[in-house]
Every structure is written in C-alpha cells, then in structure tokens.
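Lettering of chains follows the sequences in order, A, B, ..., and the numbering in each one begins at 1.
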2 protein chains.
Amino acid sequence: MSRLNLTTQRKTILDLIQSCEDHPTAAEIMERLRTNGHQFAYGTVYNSLRYLTDAGLIRELKLGETACRYDGRTEDHYHIVCKKCGRVDEVLSAPPAEWIREVAAKTNYDVHHSQVVFEGVCNSCKHPNA
Amino acid sequence: MSRLNLTTQRKTILDLIQSCEDHPTAAEIMERLRTNGHQFAYGTVYNSLRYLTDAGLIRELKLGETACRYDGRTEDHYHIVCKKCGRVDEVLSAPPAEWIREVAAKTNYDVHHSQVVFEGVCNSCKHPNA
DNA sequence: ATAGTATTTAGACTTAGTATAAATTTAATT
DNA sequence: AATTAAATTTATACTAAGTCTAAATACTAT
C-alpha cells in the first residue's frame, strides 16, 4: 500500500459513500451508482471498496448481516442496530479503557481493536403511533 | 417455539457442539459428524443449528468471518480473535453497565444486547519462538 | 390403524463475494 | 510522440455459505 491511486471509479465510489447518511451494502452502492448514471463492473465495485477500506478512506462494517456495509466516517466509532426496522445508527462513545485493560489481562492477548454492535429498539420503533 | 423437540439429529449435533473446546463452523460440524460416523443431510445440519440456537441451547457467533461459528456455552460472554493465527478465545468480562447506559441515553435506543468481538494477538503468537 | 403434523432428505437455487484472463488506462522512458 | 511496463477495469466464470422446496419418512394423537 504505497501512495494513493484514486482512479475515476474509486473516486466516484468514495464520493458516493461520503455523501451517504446511511451505511449501504455493496449491492446498494451499485444500485445508487446506476441511479447516478454510472455503470461500473461488478468486480470493480468490490475491488474499489477493498482498496478504499485498505487505504483507510472508508470503513467496512460487519454488523452480523449477510452483507458488509460501508461507512464514510473514518473516526473510531461503533454501531447500534434496531431489531425492528433494521436501521443502523452511530455510537460515538468508546468502550472504557479500563474494561479493555481487564480483557487484555484476563485473556493474555494484546488487544488492538474491538468491534461492538449493539442491538435494541430505536426511538421511532419505541413509539410506533407517534 | 413451544416445547423442546430434540430429534436424534438435533441431539447428536447438540452433543457434538457441547463437547467442543473450540467454536466450529457449520462445515466443520458436518465434517466432525462424518468422522463420528454420522451422515446427516446438509439442510438438516443448518436446520438443527437454527433450532438449537432459537431454543437457546447453543449460541451462534458472528465474528466477522464469512461463516458463523457455534458455541456450546450459553452464558453471556464475548470473544477475542487472534489476527495472526485465527484462534478464538472466550472473554468473560461483560461491558460495564455504566457504558451501556450512556449508549442508550445518547442514541435513544432501548439497548437489549451487545455483540463484542475483540481483535488482537494471542499469547502464543506474541512469543513465537517459545 | 389412521390421519395430521413435524422433520429429514436430496438437490436446486440464491446471495455475496472472489478469481481470472483479456482489454483498457495510466505512468514512465526514451 | 512512440513504446514499453505496470496497474486497473471489464466481463464472466466460479466459490462459499446458506436457504428453499417437494417428496419421503418419522412422530403424535386420536
């Protein structure tokens, strides 16, 4: 991974993801590209998503669904998924460092990173009548 | 999900998973069944895994790999994956309740559950020469 | 014994993603 | 500006993991 090589396709895909309010899957990204008048090969989209992820320009989210989702926010954060409607929101509070230290001590691992996915019911689904 | 219906196949699969020290995938479970002289249909294994998971007798782990893994430990716990060798260990410390409360407050969700997967380097991989 | 429900089986199918080889684009060198 | 080399895109075949379906089998309750 030397210097950045943003081809037209990669740039277009990066722009699209950065402009998203949500966290689209690869399939959704392809659909939106088509809507915007772009038609890239299947493999190019996957290739670009990998490239952009490796370059640290986007994040790949594994939320326990069958497909990965992509996120234009690159700062460290987590996610919460609504069981009812499937909506995904950002969680900006990090797990307490004290807890991470405890886990490292107990498991004898060097802990580099943690993926956290909360599950629950979102505000709209809590008040379905409103 | 009324009362428990443990067929021969389901019981065999449950026993196998409970006897595992590790966290096998569906494919690994099929392989081990075959080794033990059982030959169940492909779909039966998946069906049973779902049934046992829904019944709360085993846990389905989504560790960010392409395949789910299964765990005979049903008490609440988390996992840590070694980046180098892929080994998966149990993490028995729960995330601090205070943090969960904070997340619920900030996101406006009712938080029911959290999946946490730590990534790091295990003890053996830290000392490769030993 | 018989009808009705649930489960297993075998195999087709789906989804998400990877691999490959040819064509194209880009960059570097002369 | 022409030529070579490297990287990328394209089209398409393929793989992995799991779901779906219809027929066969097993279990349950009269």
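Rounded to whole Å, atom P of C:dG17 lies 11 Å from atom CZ of A:Arg69. The separation between A:Lys11 atom NZ and C:dT26 atom C1' is 18 Å, rounded to whole Å. In this entry the distance linking CZ of B:Arg3 with C1' of C:dT5 reads 13 Å, nearest Å. Rounded to whole angstrom, the span from the NZ atom of B:Lys62 across to the P atom of D:dA17 amounts to 15 Å. In this structure, the CG atom of A:Asn47 is 13 Å from the C1' atom of C:dT20, given to the nearest Å. Atom CD of A:Gln39 and atom P of D:dT12 are 12 Å apart (whole Å). If you measure from atom CG of B:Leu4 to atom C1' of D:dT28, you get 16 Å, rounded to the nearest angstrom. Nucleotide D:dA26 holds its C1' atom 16 Å from the CG atom of B:Leu6, rounded to whole Å.
Distances shorter than 4.0 Å separate some side-chain N or O of A:Arg50 from OP1 or OP2 on C:dT18. Here A:Arg10 reaches the OP1 or OP2 of D:dT9: one of its side-chain N or O atoms lies under 4.0 Å away. Remark: B:Gln9 is in phosphate contact with C:dT9, judged by side-chain N or O atoms under 4.0 Å from OP1 or OP2. In terms of phosphate contacts, A:Thr66 brings no side-chain nitrogen or oxygen within less than 4.0 Å of OP1 or OP2 of C:dT15. Of the side-chain N and O atoms in A:Tyr46, one or more sit less than 4.0 angstrom from OP1 or OP2 of C:dG17.
Residue A:Thr44 places its side chain closer to D:dT9 than to any other of C:dT18, D:dT9, D:dG18.
B:Glu102 and A:Ser93 share a side-chain donor-acceptor pair at under 3.5 Å.
Taking the six-membered ring for Trp and thresholds of 30 and 60 degrees, A:Trp99 and B:Tyr78 have ring planes more than 60 degrees apart, a perpendicular arrangement.
The nearest heavy atom of DNA chain D to B:Gly43 and to A:Ser48 marks one nucleotide each, and the one closer to the 5' end goes with A:Ser48. Map A:Thr25 and B:Ala41 each onto its nearest nucleotide of DNA chain C; the residue landing nearer the 5' end is B:Ala41.
Residue contacts for B:Thr7: at a heavy-atom cut-off of 4.0 Å it reaches the sugar-phosphate backbone alone, with no base atom in range. Across all strands shown, A:Asn5 has heavy atoms under 4.0 Å from sugar-phosphate atoms exclusively, and none from any base. Residue contacts for B:Ala27: at a heavy-atom cut-off of 4.0 Å it reaches no nucleic acid atom on any strand shown.
For A:Tyr42 against C:dG17, a side-chain N or O and a base N or O form a donor-acceptor pair under 3.5 Å.
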Please evaluate residues B:Ser124 and B:Arg87 with respect to the criterion side-chain contact (heavy atoms from CB on, under 4.5 Å), reporting the C-alpha separation (whole Å), side-chain torsions for both, the decisive distance (0.1 Å), and the verdict.
CA-CA 10 Å; B:Ser124 328; B:Arg87 138 182 204 157; 4.1 Å; yes
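Side-chain contact check for B:Phe118 versus A:His113: every heavy-atom pair is 4.5 Å or farther apart.
Nearest heavy-atom pair across B:Lys62 and B:Val117 is O-CG2, 4.0 Å.
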